Amino acid sequence: QQLLSPSSRCSSIDISAQAVPDTILVALLDRDEEMRHLVRHNRAFFNTLKSHLYTQWPKFENTLYCPRQRMPDQDWMDRITKALAPVPPLLQQFKDLVGYMPEHGAAIDEGDAITSYDPNHFINVDITRIRDYPSRMAHVREAYPQFFINLKNSGLLDPTSFVDTLLLAPRSADLPDDVWEMRVYDQLDSFPDLLAQLKEIIDYELE
């Protein structure tokens, strides 16, 4: 009995290939639908993200499932990176999960951004603008636990005092924006990474 068909009987199969546009930076061709599939099959990981993001999870989830037609991959990854930057291991795990492929020459920059903050990246963020939206910073401890941990680990700052009595202090005649801003900068002047992280949080909350 002949188990293998003779090569002469093999029929050729035509495989058509389609070039992937440069704008596709993740290995998800139908991004929003495949993202739902990933979430269903990686519940433990996304539950961890949900716990970390807390009240910001609905906003993050909206970004996750936003179709590529409405938000290109670069903008999509930029928003996700902002949200997960305080927890570099989770950010890297997310990038691995979606098969993130940085644009030309961006791989090293992205890697640097994961492990450390560039103090100059958010240098132009006007932190006083967040005082127009006090409710957005009221959950800073729950929404950005890593920032609170970093404050505590600084060894020189009392996280509760900094957040409750200064960062969340309402605008008043005794504490106008310029005085408030000066006090925040005075507190974080010796901690450029913390200042950059705070500016990133404020920039994200102002979107």
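Every value quoted in this text rests on a predicted model; they were computed, and no experiment measured them.
One finds the CD atom of Q74 at 13.5 Å from the CD1 atom of I24 (value rounded to the nearest 0.5 Å). Atom OH of residue Y100 and atom CD1 of residue I80 lie 10.5 Å apart, to the nearest 0.5 angstrom. Expressed to the nearest 0.5 Å, how far CG of L206 lies from CD1 of I127 amounts to 11.0 Å. Rounding to the nearest 0.5 Å places CD of E205 at 11.0 Å from NZ of K82. The NZ atom of K152 sits 10.0 Å away from the CG atom of D158 when rounded to the nearest 0.5 Å. Rounding to the nearest 0.5 Å gives a distance of 10.0 Å between CZ of F45 and CG of L38.
Screening T128, V179, L198 for a side-chain contact (heavy atoms from CB on, under 4.5 Å) involving V184 leaves a single residue, L198. With respect to M77, the side-chain contact (heavy atoms from CB on, under 4.5 Å) criterion is satisfied by exactly one of V26, T63, L25: V26. Under the side-chain contact (heavy atoms from CB on, under 4.5 Å) test applied with R131, the options L168, L167, L175 reduce to a single match, L175.
When atom types are taken as modelled, the side chain of H52 and the backbone of T48 share no donor-acceptor pair closer than 3.5 angstrom. Counting only distance, with no hydrogens or angles, the side chain of W180 and the backbone of R171 share no donor-acceptor pair below 3.5 Å.
A 4.5 Å side-chain heavy-atom check between M71 and R31 finds at least one atom pair inside the cut-off. Counting heavy atoms from C-beta on, the side chains of D32 and D30 come closer than 4.5 Å.
Between the side chains of D174 and S172, no donor-acceptor pair is found at a separation under 3.5 Å.
Annotation for Y54: atom OH does not count as buried by contact number, only 12 or fewer foreign heavy atoms lying within 6.0 Å.
Taking the ring axis of W76 as reference, the NZ or CZ atom of R68 does not stay both within 45° of it and closer than 6.0 Å to the ring centre.
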